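Every value quoted in this text rests on a predicted model; they were computed, and no experiment measured them. In what follows, every chain begins at residue 1, and chains take the letters A, B, ... in the order their sequences are listed.
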There are 2 protein chains.
Amino acid sequence: MSQEINDASHWRDFDQNLLSHSMAHYLMAIDTLRTEHGYARSTDVAEKLGVSRGAASMALSQLKKKDWVGEDHNRFLLLTETGAQIASQVEQNFLILNQFFKEVLNVGEEAAHADACKIEHLLGMETGKRLLWLMRFLMSDEELAIQVRKQMSKCNEGCSPVEVSECPICGASGECLAALGTPSIEGTKP
Amino acid sequence: MSQEINDASHWRDFDQNLLSHSMAHYLMAIDTLRTEHGYARSTDVAEKLGVSRGAASMALSQLKKKDWVGEDHNRFLLLTETGAQIASQVEQNFLILNQFFKEVLNVGEEAAHADACKIEHLLGMETGKRLLWLMRFLMSDEELAIQVRKQMSKCNEGCSPVEVSECPICGASGECLAALGTPSIEGTKP
DNA sequence: ACCTTTTGTTAACGCCACTGAACATTTCTT
DNA sequence: AAGAAATGTTCAGTGGCGTTAACAAAAGGT
């Protein structure tokens, strides 16, 4: 009765996400610009994100319609209460994920950053919060945490697939999931 | 010099992803159908994913063009070598993430499933592999692992934001990241 | 005040991924 | 073999999200 990965009911929740990847970045860009320069204009946002002014203009008008973005007395862009909450939620998700990937999983800087960025806006409230708790604990200097980190850093050469049979994850499927070939789904389009 | 969250260079890698969320599910659907029924036809895939036959037809022809999907002697759908690798990679990512969310982070079943599904195809090779190592370790019956799980399950009421100052994550930002308000980015569109 | 530059908006277009409907093709039934 | 049913494809239409390019509005320089 457990949920199937391809249940028609669930897999499409993806694009039902209220917050798209790009929208999140528009919000964060406004936030960043305001703290960096004290103000944010449409053009600045466009430049910061590396999109055209047209794209920024249209995206921002959507965000205004949702009331996540407003304008101050000088017509500079401003995050509303909600907009600010969303932006900071996503930003925190990014920080936590990035740190988790780098410091706990020992993923390389580049990959950690890329993955955190792809995922930051998709992590639900609950998951984000609890990942924070985990990280808080794992990055503390409690003996237990230190040992876990040490354990993970030992894995650098692959926790060799030898002990597959004892691996509580692979166990069932019989083959070591970590030993899969590399399909060509990484990298960028031509 | 550390990478900024909004670097024009990186944030858009998102849509450069060679594997879209939906394509991943088309592949997995074929895989599932073949093991469940021994064959997979376009219509079956459409039904399994809850999309129209038209959508399935077009998606599948793209996948054929990429050579991730082929047909067998009876013109039933078939994953190519590459297609199968991709599908299983994504499937494994899903399993690992789901388990990580549920068993380690103690996220509710629903949310864990939803989040794992949204993220499964975005996790890079390296990150996926290392997350597997972590899970392998954390789900083992080693004393260390057991204690970590116990520690995490204690957090159920929030690892109260009291000790923020000592929190190695929140520390710098001054406020507890876990104490943020709930912006309305969860749930589905109207 | 006037002309130029900067900034913002809009329109036409392409790409992805869906829908629904019309059409073509295959397969099953009798 | 012929008609009905199931299966597969194609073709507008929609919405998200980008691009250029043309145009409107605001800001600045002399």
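- In this entry the distance linking NE2 of A/His25 with C1' of D/dG16 reads 16 Å, nearest Å.
- The other residues sharing a hydrophobic cluster with A/Tyr39 are A/Phe76, where clustering joins ILVMFWY side chains under 4.5 Å apart.
- Between A/Ser52 and D/dT19 there is a side-chain polar atom (N or O) within less than 4.0 angstrom of OP1 or OP2.
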Exercise. What string of B, S and - do you get for nucleotides 4-9 of chain D, 5' to 3', if B is base contact, S is sugar-phosphate-only contact and - is no contact with any protein heavy atom under 4.0 Å?
Worked result: ---BBB
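- When the side-chain nitrogen and oxygen atoms of B/Tyr26 are compared with OP1 and OP2 of C/dC16, none of them lie within a distance under 4.0 Å.
- Across the protein-nucleic acid pair, A/Asn74 atom CG and C/dT7 atom C1' stand 15 Å apart, rounded to whole Å.
- The nearest whole Å value for the distance from the NZ atom in A/Lys65 to the C1' atom in D/dC17 is 14 Å.
- Counting any heavy atom pair closer than 4.0 Å across all strands shown, A/Ser61 reaches no nucleic acid atom.
- The ring of B/Phe94 has its center closer than 6.0 angstrom to the ring center of B/His113.
- Note on A/Tyr39: every side-chain N or O is 4.0 Å or more away from OP1 and OP2 of C/dT7.
- Here B/Ser22 reaches the OP1 or OP2 of C/dA17: one of its side-chain N or O atoms lies under 4.0 Å away.
- When rounded to the nearest whole Å, the span between NE2 of A/His37 and P of C/dT7 equals 13 Å.
- In this structure A/Gln62 satisfies the side-chain contact (heavy atoms from CB on, under 4.5 Å) test together with A/Met23, sequence neighbours excluded.
- Residues passing the side-chain contact (heavy atoms from CB on, under 4.5 Å) test with A/Leu105 are A/Phe100, A/Phe101, A/Val107, A/Met152, B/Thr127, B/Arg130, B/Leu131, B/Leu134, sequence neighbours excluded.
- In this structure, NE2 of A/His121 is placed 15 Å from P of D/dG16, rounded to the nearest angstrom.
- Here the nucleotide nearest the side chain of B/Arg12, chosen from C/dT19, D/dT19, D/dC17, is D/dT19.
- Partners of A/Ala84 by side-chain contact (heavy atoms from CB on, under 4.5 Å), not counting sequence neighbours, listed by chain and number: A/Leu79.
- Chaining together hydrophobic side chains whose heavy atoms lie under 4.5 Å apart leaves B/Met58 on its own.
- Atom NE2 of residue A/His25 and atom CG of residue A/Leu27 lie 10.5 Å apart, to the nearest 0.5 angstrom.
- Put simply, NE2 on B/His21 is 12 Å from C1' on C/dA17, counting in whole angstrom units.
- For the pair B/Met58 CE and C/dC18 P, the computed distance is 10 Å after rounding to whole Å.
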